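Here's the structure, in structure tokens; my notes come after.
Being a predicted model, the structure only gives us computed values, none of them experimental.
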Amino acid sequence: MLLTGFGVLVLVLVGGWYWMSSSSAPTPAAPNTVVQVPQPQTHTLALAKRVLTPDIVTVTQGDQVTIKVMSDETGEFHISGYEIENDITKGTELSFSFTADKAGRYNFELHPKEEEPQAFRFIPVAEASETEEGEAEEDIVIGAFVVNPR
């Protein structure tokens with residue numbers, strides 16, 4: 001009986017030591033874990049005949065993004081979802097920067113502006129929205145802005 005009690009005591013002490021040492025030891029980092037640090041990203045785009053090249057820009061959430069666009073048309077360059085809108089002038093490079101803080105897929109849109117007034121122009125309702133001045137404005141999807149989650 002004395003021997004059995006001694007065996008139980010040894011098991012309890014060894015078990016307690018094992019539990020204490022495993023719960024207080026730091027958890028080792030998983031091998032090949034890569035910590036992603038936000039990076040500055042510059043993307044140069046060309047807009048010709050309402051075709052954006054490249055038509056998809058992919059970044060990682062948190063990156064500082066600079067977009068540079070050269071266009072053959074005057075209008076507004078818009079990233080829907082981020083609600084970034086910049087006037088773009090034919091033949092002049094547009095450059096703007098922002099932090100890609102929202103993961104997802106967003107449209108690059110062109111809102112062309114008439115260089116010369118026209119007497120009448122038909123715009124289908126599905127492609128038109130109202131501006132603050134009450135004029136119809138086209139929403140032409142020209143590409144995608146993809147923000148991968150970090």
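For the pair Q39 (side chain) and V37 (backbone), a donor-acceptor distance under 3.5 Å is present. Side chain of S71 to backbone of E73: a donor-acceptor contact under 3.5 angstrom is found. No donor-acceptor pair closer than 3.5 Å links the side chain of E109 to the backbone N or O of I140. Looking at K102, its side chain does come within 3.5 Å of a backbone N or O of G81 through a donor-acceptor pair. Side chain of R105 to backbone of V146: no donor-acceptor contact under 3.5 angstrom is found. No donor-acceptor pair under 3.5 Å is formed between the side chain of Y82 and the backbone N or O of T99. The main-chain N or O of K68 is never found under 3.5 Å from a side-chain atom of T44 such that the two would form a donor-acceptor pair.
In summary, of the residues considered (V59, T60, D101), a side chain to side chain contact (heavy atoms under 4.5 Å, CB included) with V147 occurs for V59 alone. Residue S95 forms a side chain to side chain contact (heavy atoms under 4.5 Å, CB included) with just one option from T42, I67, T66, and that option is T66.
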**Asked** Under the side chain to side chain donor-acceptor pair (under 3.5 Å) criterion, do E85 and H111 qualify, and how do the steps go?
**Response** CA-CA 9 Å; E85 300 173 352; H111 305 284; 5.2 Å; no

**Prompt:** Can you list the steps and then say if I56 with T58 is a side chain to side chain contact (heavy atoms under 4.5 Å, CB included)?
**Reply:** CA-CA 6 Å; I56 298 177; T58 303; 3.8 Å; yes

**Request:** Take T74 and I88 through the side chain to side chain contact (heavy atoms under 4.5 Å, CB included) test and state the conclusion after the steps.
**Result:** CA-CA 6 Å; T74 296; I88 192 164; over 6 Å; no

**Message:** Set out, in order, the CA-CA distance, both residues' side-chain angles and the distance that settles side chain to side chain contact (heavy atoms under 4.5 Å, CB included) for T53 and V51, then state yes or no.
**Reply:** CA-CA 7 Å; T53 306; V51 175; 4.3 Å; yes

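Classified by interplanar angle (parallel below 30°, tilted 30° to 60°, perpendicular above 60°), the ring pair F108/F77 is tilted. A perpendicular orientation is assigned to the rings of F145 and F98, their planes being inclined by more than 60° (bins at 30° and 60°).
Taking 4.0 Å as the cut-off between side-chain N and carboxylate O, D72 and R50 do not count as a salt-bridged pair.
Side-chain atoms of H43 and P54, non-hydrogen and from C-beta on, never get closer than 4.5 Å to each other. Residues P38 and Q64 have side chains not in contact (no heavy-atom distance under 4.5 Å, counting atoms from C-beta outward).
Here the straight-line distance linking atom CG of N86 with atom CD1 of I79 works out to 8.0 Å at 0.5 Å rounding.
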